[in-house]
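First comes the structure, then the notes that go with it.
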Amino acid sequence: MVNLKFIMRLGDYELTLISDGIFLLDGGAMFGVVPKVLWQKSPADEKNRITLGLNSLLLIKGKKTIILETGLGEIENHKFQEIYEIKRKKTLVERIREKGLELEDINYVINTHLHFDHCGWNTISKGGSLVPTFPRAKYFIQREEWNSAMNPDDRSSASYMKEKLLPLQKEGNLELINGDFELEEGLKIIHVPGHTRGHQCILIESRGRKLFFPGDLIPTSAHFPLPYIMAYDLFPLETLENKKKILEVADKEEWIFALYHDPEHIFGKVEKFEGKWRFVPLKVKNEI
């Protein structure tokens with residue numbers, strides 16, 4: 001497991017990688033139609049599960065503090081822990097406080113989508129009830145994604161935890177958006193359906209540098225080749241088309257990627273080698 005406690009700069013943004021730990025998911029589901037003989041570079045355990053990271057990004061620009069994704073959240077269920085084998089020395093909330101911030105200091109939360117492993121710390125237990133973890137923050141979510149989470153189909157119902165999301169609406173923290181949205185200069189939310197109908201990605205641009213947070217469009221460094229698409233994706237052909245478009249632009253404009261689920265290689269760029277896209281890790285120090 002890599003050291004996730006460091007700070008870097010991207011133009012006017014200070015970025016801190018904040019881990020909510022690691023967990024295990026089925027390798028076959030993570031790579032869809034790609035045979036195990038090709039993806040087994042990501043070693044699987046005896047239950048065919050591979051290790052995935054929970055790599056949230058904390059952004060600070062001026063007086064604004066933003067968090068991208070909120071990990072798995074509070075783990076109360078023994079069966080849940082057993083299925084996913086969650087390991088973490090400290091939670092995302094503890095790491096935020098380690099940085100000298102209080103939960104009230106977060107201004108914006110952006111979830112790429114509302115599957116339980118991306119929005120777990122959106123809410124927290126307090127006095128026997130669930131409340132928004134970041135009480136002064138606005139949570140930016142695609143309207144389509146919110147509707148899917150509130151009314152999931154039979155295939156998706158296990159991926160959403162409706163009861164952990166409703167306090168955002170009840171307390172007035174929820175900000176539903178439709179399509180692409182510029183939160184502030186240099187911070188764009190881009191609607192990229194495929195994994196879910198309301199999946200979104202985040203593009204940060206400052207002083208000529210661009211960083212892209214793809215969420216589950218490209219969950220790990222092993223998912224850059226075009227056919228490497230998760231079985232979890234509800235609309236895989238849309239994932240494929242959107243992936244093609246984004247990788248072409250990212251290569252041309254030299255975007256930096258920040259990967260949510262990779263347990264080791266989080267930051268890097270894309271390049272084409274022998275006609276196929278691949279990930280090139282970056283050694284991050286203080287500036288990217």
Side-chain angles (χ1 to χ4, degrees), residues 2 4 6-20 52-61 64-71 92 95-96 106-115 117-122 137 139-142 145 177 179-196 198-206 209-224 230 233 239 242-243 245-247 249-251 253-270 277 279-282 284 288:
V2 294
L4 300 181
F6 53 82
I7 300 171
M8 65 215 81
R9 297 203 68 85
L10 182 91
D12 295 328
Y13 285 91
E14 178 187 287
L15 283 68
T16 305
L17 191 57
I18 298 182
S19 171
D20 199 37
L52 297 176
L54 296 159
N55 307 320
S56 297
L57 274 189
L58 186 72
L59 314 176
I60 297 176
K61 181 186 178 186
K64 290 288 191 289
T65 304
I66 304 131
I67 190 164
L68 311 184
E69 309 285 49
T70 62
L92 177 136
R95 292 185 185 277
I96 287 172
I106 307 299
N107 302 107
Y108 304 131
V109 176
I110 308 174
N111 299 117
T112 59
H113 59 298
L114 294 175
H115 286 173
D117 55 321
H118 290 254
C119 63
W121 286 108
N122 278 9
Y139 291 68
F140 288 84
I141 296 161
Q142 291 289 325
E145 184 65 16
I177 58 177
D180 296 353
F181 181 80
E182 188 166 18
L183 181 54
E184 60 173 54
E185 186 178 358
L187 183 57
K188 295 178 181 177
I189 299 170
I190 305 170
H191 181 213
V192 186
H195 183 62
T196 66
H199 185 278
Q200 59 190 16
C201 303
I202 299 96
L203 180 64
I204 304 161
E205 181 176 6
S206 184
R209 307 290 285 170
K210 293 184 179 182
L211 182 140
F212 188 65
F213 191 84
D216 275 355
L217 173 70
I218 306 174
T220 78
S221 58
H223 286 82
F224 276 75
M230 293 185 286
D233 283 34
T239 297
N242 284 323
K243 196 170 167 182
K245 293 174 186 175
I246 283 171
L247 289 177
V249 177
D251 180 39
E253 298 185 359
E254 297 187 337
W255 292 4
I256 296 160
F257 284 81
L259 305 177
Y260 181 65
H261 277 314
D262 201 292
E264 185 176 359
H265 303 298
I266 295 103
F267 295 98
K269 292 187 176 183
V270 65
W277 292 113
F279 180 77
V280 181
L282 286 179
V284 178
I288 55 176

Response to the item:
Heavy atoms of Leu187 and Ile204 approach each other most closely as CD1-CG1, 3.7 Å

Practice prompt. Using the side chain to side chain contact (heavy atoms under 4.5 Å, CB included) rule, take Ile190 and Ile246 through it: C-alpha gap first, then chi angles, then the decisive distance, then the call.
Written response: CA-CA 11 Å; Ile190 305 170; Ile246 283 171; 5.9 Å; no

Fill in: Residue pairs passing the side chain to side chain donor-acceptor pair (under 3.5 Å) test where at least one lies in residues 179-196, sequence neighbours excluded
Tyr13-Glu184, His113-His195, His115-His195, Glu145-Thr196, His195-Asp216, His195-Asp233

Worksheet entry | Backbone N/O of Gly179 and side chain of Gln142: donor-acceptor pair under 3.5 Å | yes

Worksheet item: Can you name the side-chain hydrogen bond (donor to acceptor under 3.5 Å, both in side chains) partners of His223, sequence neighbours left out?
Response: Thr220

Discussion item. Is there a side-chain contact between Val109 and Trp121 in this structure, where contact means two heavy atoms from C-beta onward sitting under 4.5 Å apart?
Written reply: no

Worksheet item: What are the two closest non-hydrogen atoms of Ser221 and Phe279, and how far apart are they?
Response: CB-CD2, 3.3 Å

Practice prompt. Spell out, as yes or no, whether a donor-acceptor pair under 3.5 Å connects the side chain of Asp12 to the backbone of Lys61.
Written response: no

Practice prompt. Give a yes or no answer on whether the side chain of Glu69 reaches the backbone of Thr112 with a donor-acceptor pair at less than 3.5 Å.
Written response: yes

Worksheet entry | Asn55 side chain vs Leu17 backbone, donor-acceptor pair below 3.5 Å | no

Worksheet item: Do His261 and Asp117 come close enough that some side-chain heavy atom pair is under 4.5 Å?
Response: yes

Worksheet entry | CD (Glu254) with more than 12 external heavy atoms under 6.0 Å | no

Worksheet item: Taking Asn111 for the side chain and His118 for the main chain, is one N or O donor matched with an acceptor at less than 3.5 Å?
Response: yes

Worksheet item: Does the pair Phe140 and Ile189 meet the rule for a side chain to side chain contact (heavy atoms under 4.5 Å, CB included), with working shown?
Response: CA-CA 9 Å; Phe140 288 84; Ile189 299 170; 3.9 Å; yes

Practice prompt. For Phe213, enumerate each residue passing the ring pair (Phe, Tyr, Trp, His ring centres under 6.0 Å) test, keeping only those at least two apart in sequence or located in another chain.
Written response: none

Practice prompt. Using the side chain to side chain contact (heavy atoms under 4.5 Å, CB included) rule, take Ile256 and Lys210 through it: C-alpha gap first, then chi angles, then the decisive distance, then the call.
Written response: CA-CA 6 Å; Ile256 296 160; Lys210 293 184 179 182; over 6 Å; no

Fill in: ring pair (Phe, Tyr, Trp, His ring centres under 6.0 Å), paired with Phe257, selected from Trp277, Phe267, Phe212
Phe212

Item to complete: For the pair Asp20 and Thr70, evaluate side chain to side chain contact (heavy atoms under 4.5 Å, CB included) and give the outcome as yes or no after the intermediate values.
Response: CA-CA 8 Å; Asp20 199 37; Thr70 62; over 6 Å; no

Response to the item:
Interatomic distance, NE2@His265 vs CG@Leu259, rounded to 0.5 Å, equals 10.0 Å

